[in-house]
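Inspection log for the structure reproduced underneath, given as structure tokens.
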Amino acid sequence: MNRRTKTAVFGAALLLTATAAAASAAASSDSGSGSGSPVQAREAAALTGKAKLYRSAGDDITFSFDAHLAAKDKADPMKATGTFEWSHYLNGEGARAKAKVDCLLTGGKVAVVSGVITSSDLPGAKGKRVGITVHDLGHRDRLGYSWASTGTPVETKDLPKCVGSAPFEKVKKGTGDFSVTPWQPDL
């Protein structure tokens, strides 16, 4: 072999060795075996994120979610944990509320979360159950809420867990977005 051929062969061997080592390291870190820690199971379902809704009249409406169903609770969406909150203001008037999650169901990129309002400046809202539906469409998500037909959560009577409305509202472009982790129950 001439010198040029030996250099090319050596370079190719070195490149193959480096590629194999990198692939092995990536596989080890993905499996958790390289760090000695066990692999964490993916949570069973989640709804996270924050965004403002679009309203042509200029309403300032914001929703945020931090709702999770642990892998160990995969069979019971009523063991979901977390919170969600929203505010709705127009011309300096409105209200805000925060709810503790009591159910989370997701299917594909659609999530329905419900919870009981734990704090609010809307008289009569504390203690009421509300439900919200989110359709995760990337950066143009949609959202619906259980009080859509009544106008306020205070008017909602005896709402069951995990009930929301069709996601008829649109997220205002550039204000954030929501992320849904699909639930995959054993059927």
Side-chain angles (χ1 to χ4, degrees), residues 42-70 73-90 93-122 124-185 187:
R42 169 178 103 62
E43 63 188 332
L47 171 58
T48 58
K50 180 178 182 176
K52 291 180 180 279
L53 298 186
Y54 170 77
R55 285 284 179 90
S56 61
D59 301 46
D60 182 5
I61 307 170
T62 303
F63 280 84
S64 64
F65 301 94
D66 187 21
H68 304 272
L69 181 62
D73 296 323
K74 181 179 183 176
D76 188 356
M78 290 188 278
K79 288 190 177 178
T81 60
T83 60
F84 57 95
E85 52 191 288
W86 68 97
S87 61
H88 184 169
Y89 293 96
L90 178 62
E93 294 189 24
R96 56 138 207 93
K98 184 173 186 174
K100 181 179 178 191
V101 171
D102 63 12
C103 188
L104 174 65
L105 281 171
T106 64
K109 291 296 190 173
V110 176
V112 178
V113 63
S114 64
V116 175
I117 298 173
T118 57
S119 67
S120 179
D121 52 8
L122 178 64
K126 190 172 177 182
K128 293 284 189 176
R129 176 173 290 113
V130 293
I132 301 173
T133 305
V134 170
H135 191 182
D136 178 4
L137 295 167
H139 294 287
R140 294 296 287 184
D141 298 338
R142 297 181 72 90
L143 182 141
Y145 34 85
S146 58
W147 61 95
S149 63
T150 63
T152 172
V154 176
E155 300 300 317
T156 304
K157 306 285 188 227
D158 303 321
L159 185 75
K161 293 180 180 180
C162 270
V163 173
S165 75
F168 63 95
E169 298 263 22
K170 294 178 185 175
V171 165
K172 185 176 181 180
K173 187 175 182 177
T175 66
D177 91 298
F178 307 121
S179 178
V180 173
T181 300
W183 184 46
Q184 299 169 337
L187 300 176

Here the pair of heavy atoms bringing Gly124 nearest to Val154 is C-CG2, 3.7 Å
Nearest heavy-atom contact between Pro153 and Val130 is CB-CG1, 3.6 Å
Under the side-chain contact (heavy atoms from CB on, under 4.5 Å) test, which residues partner Thr62, sequence neighbours left out?
-> Lys50, Lys52, Asp60, Ser87
Those residues that, when tested against Glu155, pass side-chain contact (heavy atoms from CB on, under 4.5 Å) (two or more places apart) = Thr150, Thr152
Dump the intermediate steps for side-chain contact (heavy atoms from CB on, under 4.5 Å) on Gln184 and Arg42, then the final yes or no.
-> CA-CA 11 Å; Gln184 299 169 337; Arg42 169 178 103 62; 3.1 Å; yes
His88 side chain reached by Asp59 side chain, heavy atoms, under 4.5 Å | yes
Side chains of Phe63 and Val171: does their closest heavy-atom pair fall under 4.5 Å?
-> no
Set of residues satisfying salt bridge (Lys or Arg N to Asp or Glu O under 4.0 Å) with respect to Lys161, sequence neighbours excluded = none
Given Val180, Ile132, Thr48, the one that forms side chain to side chain contact (heavy atoms under 4.5 Å, CB included) with Phe65 = Ile132
Would you confirm whether Asp76, through its side chain, and Met78, through its main-chain N or O, come within 3.5 Å as a donor-acceptor pair?
-> yes
Backbone N/O of Asp177 and side chain of Asp141: donor-acceptor pair under 3.5 Å | no
Pairs under 3.5 angstrom only: tabulate donor-acceptor contacts from the side chains of residues 142-149 to other protein residues two or more places apart or in another chain.
unit_1: Arg142; atom_1: NE; unit_2: Pro167; atom_2: O; d: 3.0
unit_1: Arg142; atom_1: NH2; unit_2: Phe168; atom_2: O; d: 3.1
unit_1: Tyr145; atom_1: OH; unit_2: Arg55; atom_2: NH2; d: 3.2
unit_1: Tyr145; atom_1: OH; unit_2: Glu169; atom_2: OE2; d: 2.5
unit_1: Ser146; atom_1: OG; unit_2: Gly131; atom_2: N; d: 3.0
unit_1: Ser146; atom_1: OG; unit_2: Gly131; atom_2: O; d: 3.4

List the atom pairs, with distances to 0.1 Å, where a side-chain N or O of residues 93-112 and a protein N or O form a donor-acceptor pair under 3.5 Å, not counting sequence neighbours.
unit_1: Asp102; atom_1: OD1; unit_2: Ser114; atom_2: OG; d: 2.6
unit_1: Asp102; atom_1: OD2; unit_2: Arg129; atom_2: NE; d: 2.7
unit_1: Asp102; atom_1: OD2; unit_2: Arg129; atom_2: NH2; d: 2.9
unit_1: Thr106; atom_1: OG1; unit_2: Thr181; atom_2: O; d: 2.9
unit_1: Thr106; atom_1: OG1; unit_2: Trp183; atom_2: N; d: 2.6

Side-chain atoms of residues 79-86: list all donor-acceptor pairs with protein atoms under 3.5 Å, sequence neighbours left out, distances to 0.1 Å.
none

How would you list, by chain and number, every residue that makes a side-chain hydrogen bond (donor to acceptor under 3.5 Å, both in side chains) with Asp66, sequence neighbours excluded?
-> His68
